[in-house]
K.L.:
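What follows is a single structure, and I will ask about it in a moment.
Predicted, not measured: the structure shown is a model, and the values here were computed from it. In what follows, every chain begins at residue 1, and chains take the letters A, B, ... in the order their sequences are listed. Side chains are part of it too, since the values below use all heavy atoms of this structure and drop only hydrogens, waters and symmetry mates.
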Number of protein chains: 4
Amino acid sequence: MNIEHSHTTMIRVRYADTDKMGIVYNGNYLTYFEIGRTELLRSLGMPYAVLEQQGIQLPVIEAHLEYKAPAEYDDLISVQATCRMERGILLHITYEITKHEKLLTIGHTIHPFMNIATGKPVRPPKSFLELWNGTINSLNNKEDIGA
Amino acid sequence: MNIEHSHTTMIRVRYADTDKMGIVYNGNYLTYFEIGRTELLRSLGMPYAVLEQQGIQLPVIEAHLEYKAPAEYDDLISVQATCRMERGILLHITYEITKHEKLLTIGHTIHPFMNIATGKPVRPPKSFLELWNGTINSLNNKEDIGA
Amino acid sequence: MNIEHSHTTMIRVRYADTDKMGIVYNGNYLTYFEIGRTELLRSLGMPYAVLEQQGIQLPVIEAHLEYKAPAEYDDLISVQATCRMERGILLHITYEITKHEKLLTIGHTIHPFMNIATGKPVRPPKSFLELWNGTINSLNNKEDIGA
Amino acid sequence: MNIEHSHTTMIRVRYADTDKMGIVYNGNYLTYFEIGRTELLRSLGMPYAVLEQQGIQLPVIEAHLEYKAPAEYDDLISVQATCRMERGILLHITYEITKHEKLLTIGHTIHPFMNIATGKPVRPPKSFLELWNGTINSLNNKEDIGA
C-alpha cells in the first residue's frame, strides 16, 4: 500500500512564538508541525482527541527540521503535512511550511501507535485503518469510539 | 495562624523566553512564578511532585502580575516566593522578581488544594500541615506518601 | 470619551498548550489574551505589526487572570477582547474566554503606548486615534505608515 | 583541526514543559538543546550574549531529535552538548540528554555564523577562534568586544 494523505493548514504567527532575533524561535516549528498533523488527522475523520479517547497515542520518536527562511510575527504561514504508513505500524509525516509560496521550513516526524494503558506500541486501530484506506469516511458509529 | 514561608530561587533567562521586543514575553513570568512556587514547596519538604503522588493538586484560580522593568536574555534573575494560608484552605503566594536588587515584576497567585480523583477542593493533607507548622521537617516516613 | 471597542476571536487549543494536569497551562492564557488583543487591533484597521512599523509598541504593565474552568486540548474557545482608553494614554483591555457560552477565564491587561526608539511612554499616534474615533476606517494612506 | 568542546548542564523539568501525555512536550527539547549550547559557549569563555553584542548570531539551520525515553515533571536531567567546527564556518553541535545515566534524547543542531547587520553568513570572529583554539582563555580585553 502506498497510500498517502495530505492536508494544508494556515497558521498566524503569534508574538509569543518569536524570540529576540525578531523571528519565530526554532523550537516552535515543532508546534507548527503538531498543528499540521492535528488538522491532517481531523481531515481523515479521526481527530487526535478521539484517538486518545480510544486509548491510543502517537508519541514522537524522531523529528527533523531544516530552516530555509524565517517566519515572522503576524505572518500567515501554510503548513502542508503529508502522511504515509511505514511497515504498517509507524506514521511518517513530512511537513512543508511556506509563506506566499516561499519555502520556510521542511521536516518530518515519526510516530508509533502506542497503547496508553500499557505504554507499548500497537497496530493501528481498525477504525483508523478503515478511514486511512477510505473504506469508511468518518467515525459515525458510536461503538467505534471508546471501549 | 500567621505563618508565612518564603524562598528565593535564581533563574537564568532562556532565549526561548524572549520575544521580538528583545525582552522576556509577558506570559513567561507565570512560568517564573511556577519555578519560585515549586522551589518554595521543596524547601518546605513537600515537593509538588510528591503532593501530586498523594492525590493533591494546586491549580491556579487567580494570577496577577505587575511589570516594572523587563528581564532580558541571559539575565540571572531572582524569584522570591512568599506563601501564606487563607481560611485554612487556600495558598496565597506573592512573588518578587529582581535582578541585582532592581525590581522587575511583582504579582501573586491563589491556589486551592484539589483532590485529583474528584476534582473537588479539599483541606490540605495532614502531612502538608505538619510541614507547614514545623511539627515535622520532612517526609521521612514512607507511609506518609502515596496511598 | 467613553468609546469602547470589542472583538471576538476563536482559538483552537494546541497540545503544546496543555500540561500534565491535562488542561491548558495557566501561563498560556496570556498568549490567548495576546491573540484576542491582536485581532481586536486588526479589526480597528491598525494591525499591531503596523503599529510597530510606526515605531510604537504596547508593552504590558499589568495583567490579571481569574481561572473559572479549564480549557482542554482541541477545544475551540472564544476570546472576547474589549478595549477602552484611560487618561488618553493607556489601553485597558478586558478579556473573556468562553467555550460554548461557558465562562473559562476572565482578566485584563494594561498597556502604555511606548516609543520604541526612546523606550518612553508617548501619546497614541494620530492615525491610531482617527481609527479609534472612527474618523477614518483604515490606514489606506501610505504616508500614514512608517516614518 | 579536529578540536571538539563538550560541556554538561543540569536542567530541572518545569511543569510548563509538560503536556497532557504527562511528559515533556516534544518541541521543548529544542529549548533544552539551547540551554546545553548556551552553557557550552559560556564554558568556552564566549557567552552567546557577548557574541550577539559583537554583531554575530548563530541561527539554527538544521535540527534533529531522537526521542528514546520521556523526561517527566521535576526530573533533574543532564544535557551534554558537544561542538565541532565544519568547514571552518559551521558549528555542528550534538546533544545527549540523560537522567541518571538513562538516555532520553539525542540530536544535533547546525549553525552558521551570521552577521546581524547584513543577515549574511560570515567567518567566526577572531576572538571566538582564539577561544576555540585555546590560544586565549577568556575575553578579558575590552577591545575584543563590541565595535
K.L.:
What is the distance from atom CD of Glu62(A) to atom CD of Glu66(D), rounded to the nearest 0.5 Å?
P.N.:
5.0 Å
K.L.:
Which residues in residues 102-111 of chain D have any heavy atom closer than 4.5 Å to a heavy atom of chain A?
P.N.:
none
K.L.:
Name, in order of residue number, those residues of residues 9-43 of chain D that have a heavy atom at a distance of less than 4.5 Å from a heavy atom in chain A; otherwise write 'none'.
P.N.:
Lys20(D), Met21(D), Tyr25(D), Asn26(D), Gly27(D), Leu30(D), Thr31(D), Glu34(D), Arg37(D)
